[in-house]
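Report on the structure given below.
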Amino acid sequence: MSEYIKIIFPDDTDREFAKRSTPSDIAEQISRKLSQQAIVAKFNDRMVDMNRPLDSDGRIVFYTADDPEGLDTYWHSTSHVMAHAIKKLFPEANFGFGPAIDHGFYYDVEVGRTLTPEDLEKIEKVMQEIIDSDKPFKRRVVTRDEAIELFSERNEKFKLEHIQTLEGELSVYGEGDFIDLCSGPHLVSTKQIKYFKLLNISGAYWKGDESNPMLQRIYGISFPKKSQLDDYLHKLEEARKRDHRRLGKELDLFSINETVGAGLILWHPNGALIRKLIEDFWKDEHLKAGYELVNTPHIARLNLWEVSGHLDFYSESMFKPNEMDNVQYQIKPMNCPFHLAIYKSRTRSYRELPIRWAELGTVYRYERSGVLHGLLRVRGFTQDDAHIFCRPDQLEDEILRCLNFNTYILKTFGFENYDVYLSTRPDNYVGTVENWDKATEALKSALEKLGLAYSIDPGEGVFYGPKIDIKIKDVLDRAWQCTTIQVDFNEPERFDITYRGQDGHDQRPIMVHRALMGSLERFFGVLIENYGGAFPVWLSPVQVILLPITDSHLEHAEILRERLVDSGIRVKLDDRSEKIGYKIRDAEMQKIPYMCIIGDKEIAEATISVRKRKEGDLGSFNVQDFIDRVTHEISTKQIT
RNA sequence: GCCACCAUAGCUCAGCAGGUAGAGCGCCUCACUUGUAAUGAGGUGGCCGCGGGUUCGAUUCCUGCUGGUGGCUCCA
């Protein structure tokens, strides 16, 4: 047996090290910086602790706190320290799962009573003591029996339950007198955790199952540098400032009224104007893109939903039907059955396909009370819906068109980064495997032709067909689910829609459901957060506000106002007897893009002083030049 | 729906160990006539979310409901 092992580095160079060298040893011999910064390593595609002795040749990659892998370990170790602290304060505590997540970590725990924010402070204090005591994280491989004995002693009922479901090698990690079932990897010592904060407490079902007991979930975050923690907390604060519910109030865009009902949106004039602009744009572009617009009722006989199959699958999410003249009527949760009914209104020829019908269709769905959230999750909303009926040979091309069209529409609102998901056949499905495979291939092929990177959500398709979901990324890099493109084998079947083929026989068309913005409510919410309420000029309810210095300039300002109105600009005149600083502050807070100051100087020179929202004074403008500038920004839908 | 928390003026929030309430902003009036993010003074404004209970007395304590917040579950 060799005394040495050969380690290959990411740049394909290799070096020999003494057998049972640890990643720490290896990093130390490469560079001091690396040994200080590396948190965890990957050895032959397995994540390993920095102090894990290596016995064989292999490839190694080091990760620091700048890598997702490094942070993942950092956060996971912090969650162990948190659990340790909780155990010290609540010896009876029972632990569920405690993983690292996208931003930070959590641990699910049962402690016998409700935790309060004061408890979090106490836990933080004990965590700091554990960190300061510089306890090494120790890994130990255990047999199943040992593990069961270990956690029986500790009365860890959830861990014991979890052990039953685990296969293969079991390991535990301990630091100090705390021990936890865990596959790792971990930091070398608690001391490596520098800056952390516990953020909030909430409920979470054990193993995410509604029928299981609810544990208390504590969320937290940690970083090696104070600046990182500060940045993170600052970002949370930024997100809070952009909260569409807050801005909706401040900018008088929309409201939700208890008496009207939860999850039902009242669009105020400012919001309704923005909605009109979005709708106009949407309709115009759809007509240009080869869609036709249709309109359908808000309710229909219950029978329609029996035919569509929604009653079987989704009645829990539907409002209860209404009975009139012995007929049951259902408020619509979807638009598609109506479009199918239009399709069926006469025979269709293969020459007509593809048929693309679009509708801003308002639907109502019963969402459970706990999930409602501002504009983002509501009970009544308007889908920017369309249904495409096409021949099988047209499917891929139609998907391609949808994707391209979607990119164009979203780009207009400033969204250019996406996460794309392809959801494949679930266990519970209708149609033939062959059709599913063909449709999935068509979706895949379209994505690949466009060079769109996507990930596959296996088995996450809807029961009636595979789908593409697109999450748009906003300026804070948060992802929002909006676009969905779904192939449907079910409804054409259920409604028995056909087209007369070239051969004279009736064929079954394929149906594609698609929504680009998702719903106007949700999209509006995302827009508000993305722009932080500072809408681009083309979407701003008020585009220009005129601010006369004193009352004596009012008359001139009124003439200017009319001139701007005639140019198609949405303009307001602040005619209050206030100081100019006050009027500017007010306009800034209303996030009006342009402020025009009018005083003696401007009247004498026939100019206006222009101030741009957030940027400040732009100087003196010839009135026509200013009008040209603004109308150009509007017509080109400029983003900033 | 579940766990926890919350609900006081249009908004943000204070207060009450149980004796029917207060600030700032807003709004209105007046004065000021103002030059790039808050002029001053005065005034207006509240069934303390809704119902029930305990109590001599409830905005305050208990309870049900409604609505909201953070998550969980769900999201055709």
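Every chain is numbered from 1 and lettered A, B, ... according to where its sequence line falls, protein lines coming before strand lines.
Comparing the same atom, P, in rU44(B) and in rA7(B) gives a spacing of 28 Å after rounding to whole Å. Using C1' as the reference atom, rU55(B) and rA17(B) are 16 Å apart when rounded to the nearest Å. The C1' atoms of rC47(B) and rU20(B) are separated by 10 Å, rounded to the nearest whole Å. rG26(B) and rG40(B) have their P atoms separated by 10 Å, with the value rounded to a whole Å.
Of the candidate nucleotides rA76(B), rG71(B), rU73(B), rA76(B) has the atom lying nearest to any side-chain atom of Ser317(A). Closest to the side chain of Thr114(A), out of rC5(B), rC72(B), rU34(B), is rC5(B). Considering only side-chain atoms of Arg611(A), the nucleotide from rC75(B), rC72(B), rU36(B) that sits closest is rU36(B). Considering only the side chain of Pro333(A), rA76(B) comes nearest among rC74(B), rA76(B), rG71(B).
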| message | Using salt bridge (Lys or Arg N to Asp or Glu O under 4.0 Å), reason through Arg356(A) and Glu398(A) one step at a time and then give a plain yes or no. | response | CA-CA 10 Å; Arg356(A) 307 185 192 99; Glu398(A) 285 306 306; 2.8 Å; yes
| said: salt bridge (Lys or Arg N to Asp or Glu O under 4.0 Å) for Asp586(A) and Arg576(A)? Distances and angles first, verdict last. | reply: CA-CA 11 Å; Asp586(A) 214 44; Arg576(A) 296 174 301 179; 3.0 Å; yes
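Lys241(A) and Glu238(A) are joined by a salt bridge, as a carboxylate oxygen and a charged side-chain nitrogen come within less than 4.0 angstrom of each other.
For Tyr205(A), there are no ring-ring contact (aromatic ring centres under 6.0 Å, His included) partners two or more places apart in sequence or in a different chain. Not a single salt bridge (Lys or Arg N to Asp or Glu O under 4.0 Å) links Arg570(A) to another residue, sequence neighbours left out. Residues satisfying the salt bridge (Lys or Arg N to Asp or Glu O under 4.0 Å) criterion with Glu460(A), sequence neighbours excluded, are absent altogether. With sequence neighbours left out, Tyr343(A) forms a ring-ring contact (aromatic ring centres under 6.0 Å, His included) with Phe389(A).
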| note | Encoded 5' to 3' (Watson-Crick or G-U under 3.5 Å; [ ] crossing; | other strand), RNA chain B becomes (((((((..((((.....[..)))).(((((.......))))).....(((((..]....))))))))))))....
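Between the base of rG71(B) and the side chain of Gln216(A) there is no donor-acceptor pair shorter than 3.5 Å.
Residue contacts shown for Val462(A) are limited to sugar-phosphate atoms, with no base heavy atom under 4.0 Å away.
Positionally, the nearest nucleotide of RNA chain B for Leu215(A) lies more toward the 5' end than for the other of Leu215(A) and Gly374(A). When each of His373(A) and Ser609(A) is assigned the nucleotide of RNA chain B bearing its nearest heavy atom, the one mapping closer to the 5' terminus is Ser609(A).
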Identify each atom pair where a protein N or O and an N or O of nucleotides 39-43 of chain B are less than 3.5 Å apart, giving names and distance.
from, atom 1, to, atom 2, distance (Å)
rU39(B), O4, Glu578(A), OE1, 3.4

